[in-house]
Structures are given as structure tokens and as C-alpha cells.
Amino acid sequence: MSFLYHTFFFDPLYNLLVLLFNVLPWADAGIIVIILTIIVRLILYPMSRKASLTQIKMASISPKMEQIKEKYKNKPEEQARQTLELYRTEGVNPFSGILVILLQLPLIFALYRIFLHLPEVDPSFIYSFITVPSHVINTTFLGLVDLSAKSILIAILAGVTTYLQFYVMSKNQPVPKGDSFGDNLSRNMQTQAKYFLPIIMFFVTYTVSGVIGLYFITTNLFGVAQELFIRRNIKNLKV
């Protein structure tokens, strides 16, 4: 498992990071982190786009799902069968979003480990055709924030952008309207996630270096831009 992780995730991303430092010697660590994060998100775009389109479709068929719940509320087996039939008819795979998240986890973990050790460069992970940067890596982002240390500003921005991304993306998620235990639980979890995730993100990013927070800020803003782009072009996109 460790071999696969390093071969397909950690080592390629690590070498891409070092290559960017060599190609852009004038750039500080923050600029390089932003560029690398955007490259990774662009690679993942086809998968994340599919998940976003699925959420939009789920929201559009929400009224039909509520009708099925009401009509077969005393017949759980028939309710499940009708729901699956609705998914099939509408061409919706409610589990596609979970698959995208699972596929992204190794990449996210690899990026986290890579950024955690900046600005040091470990030659043992470098490919033979990649050279270790000869210049000192500047960790002061735009001459303002030292990304190698904790930053209250970066942590706040990480929390704010997390809330912004959740707010934008939650518009595509249908909110259960029933009074059942499951519906109430789902509504409560959505509400709590909306407000508690940003707080958790703030404390997580503040306990580590600012470079990790900058990664989360970049990926959150990319997610917001991606979601708005997909909505604007939804008529021209297909799942």
C-alpha cells in the first residue's frame, strides 16, 4: 500500500512541487503552493464536476422523492424500490459523490504531507531528472505572511472560505422536509456542518503551519468557482 501511495500520489506531486520551484525561482512558497493546488484541482475537475452535476440533479428531483416518501411512508420496501426506480429513470447515481471523495483522499493526504515539511526539500524523493533547488525557498507569502509558522490571518481565511464553499454547494443539496427521525437528523447535520466545519477548519489550520491553511484556502476558493461555473453552464453539461 505504501509503495502505491508513493508511486502514484506522493512522489509525483512532490517532484512537481520541486520542479515548480526550479522553473519559478522568483516565486515564494505561497505562490508555488497555490499553483500546485490549482493544477491538482484541474486534474480532478472531471470527477468533481460529475459529483456536482449529480447534486444538482438530486436537488431537481427532490419534490418527486418527497412524493414517494409521503405515498409509501408505511411501506419502506416499496419506498426504497420506487426511489431506486426514480434514480434509474432520471439517470442519477447518488453514490458518485462518495466515490469522488474517496479518490481524492490519497491526493489530499499527499499534499498535506508535502506542504507540512516545506521549505525543506528531501532529496530521497526526487526523481533523477529533477534537481534540488539551488536557491533558498522563501516562505514569506507576498512579503506579508510567514507560511512556515502559525498564522491567525490564514486560519481565519481558511474558516471563512470553508463556510463560503459549504454555503454555495449546499444550495444544490435537497433539504428533507419530512418529520421523520431520519429527516430531522439530516437537517440537523447539514445545519451543524455549515457552522461547525469552518470552526474546526480554523483550529486545524492554526495548529499547523500557514502553508497548510493556504492550501485549504486555495482549494476552497477553487471549489466555489467550479460550482458557480457548473451552475452557469449546466444546460451545456452532461453527467
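Taking hydrophobic clusters as Ile, Leu, Val, Met, Phe, Trp and Tyr residues chained together by side-chain heavy-atom distances below 4.5 Å, Y5 shares a cluster with V40. L19 and F9 end up in the same hydrophobic cluster when Ile, Leu, Val, Met, Phe, Trp and Tyr side chains are linked at under 4.5 Å. If you chain together hydrophobic residues whose side chains sit under 4.5 Å apart, V211 and V160 never meet in one group. Both L16 and I212 are assigned to one and the same hydrophobic cluster, defined by single-linkage of ILVMFWY side chains at heavy-atom distances under 4.5 Å. A continuous path of Ile, Leu, Val, Met, Phe, Trp and Tyr side chains, each step under 4.5 Å between heavy atoms, connects I32 with L221, placing both in one hydrophobic cluster.
In terms of heavy atoms, P12 sits closest to Y127 at N-OH, 3.4 Å. Contact record, K150 with V208: CG-O, 3.7 Å, taken as the closest heavy-atom pair. What you find for A29 and L147 is that their closest heavy atoms are C-CD1, 4.3 Å. The shortest heavy-atom contact between Q165 and N220 is OE1-OD1, 2.9 Å. Between S151 and V145, the shortest heavy-atom contact is OG-CG1, 3.5 Å. Shown here for G159 and P198, the closest heavy-atom pair between the two residues is O-CB, 3.3 Å.
Inter-residue side-chain proximity for L111 and L36 is flagged as met; some heavy-atom pair is nearer than 4.5 Å. For the pair V132 and V18, the minimum side-chain heavy-atom distance is 4.5 Å or more.
One distance of note links CD of E85 with CD of E78; it measures 10.0 Å at 0.5 Å rounding. Distance check, rounded to the nearest 0.5 Å: CD1 of I130 to CG of N15 gives 5.5 Å. Atom-to-atom distance recorded for I34:CD1 and I217:CD1 is 8.5 Å, nearest 0.5 angstrom. Distance check: L17 CG to I39 CD1 gives 10.0 Å after rounding to the nearest 0.5 Å. In this structure, I200 CD1 and T162 OG1 are separated by 10.0 Å, a value rounded to the nearest 0.5 Å. The distance from atom CD1 of I31 to atom CG of L20, rounded to the nearest 0.5 Å, is 11.5 Å.
Residues passing the ring-ring contact (aromatic ring centres under 6.0 Å, His included) test with F8: none are found, sequence neighbours excluded. Taking the salt bridge (Lys or Arg N to Asp or Glu O under 4.0 Å) definition, one finds that R113 meets it with nothing, sequence neighbours left out. By the salt bridge (Lys or Arg N to Asp or Glu O under 4.0 Å) test, K71 is found to be paired with no residue, residues two or more places apart in sequence or in another chain being considered. For F222, the ring-ring contact (aromatic ring centres under 6.0 Å, His included) criterion is met by no residue, not counting sequence neighbours.
Around OH of Y167, the count of heavy atoms belonging to other residues, nucleotides or ligands within 6.0 Å does not exceed 12.
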Checklist entry - Would F21 and V121 satisfy side chain to side chain contact (heavy atoms under 4.5 Å, CB included), going step by step from the backbone distance to the final call? => result CA-CA 11 Å; F21 276 118; V121 176; 5.7 Å; no
Item to check | Residue pair L24, I35: steps toward the side chain to side chain contact (heavy atoms under 4.5 Å, CB included) verdict | outcome: CA-CA 11 Å; L24 304 172; I35 294 175; 3.7 Å; yes
Next on the checklist: Q226 vs I230, test: side chain to side chain contact (heavy atoms under 4.5 Å, CB included). Steps then yes/no.
Outcome noted: CA-CA 6 Å; Q226 173 184 284; I230 290 175; 3.9 Å; yes
Checklist entry - Would Y87 and T83 satisfy side chain to side chain contact (heavy atoms under 4.5 Å, CB included), going step by step from the backbone distance to the final call? => result CA-CA 6 Å; Y87 289 155; T83 300; 3.7 Å; yes
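At least one donor-acceptor pair under 3.5 Å links the side chain of N22 to the backbone N or O of T131.
Classified by interplanar angle (parallel below 30°, tilted 30° to 60°, perpendicular above 60°), the ring pair F10/F125 is perpendicular.
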Donor-acceptor contacts under 3.5 Å from residues 137-144 side chains, at least two apart:
residue: N138; atom: OD1; partner: T140; partner atom: N; Å: 3.0
residue: T139; atom: OG1; partner: D146; partner atom: OD1; Å: 3.0

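For residues 198-218, the set of pairs meeting the ring-ring contact (aromatic ring centres under 6.0 Å, His included) definition, not counting sequence neighbours, comprises F115-Y215.
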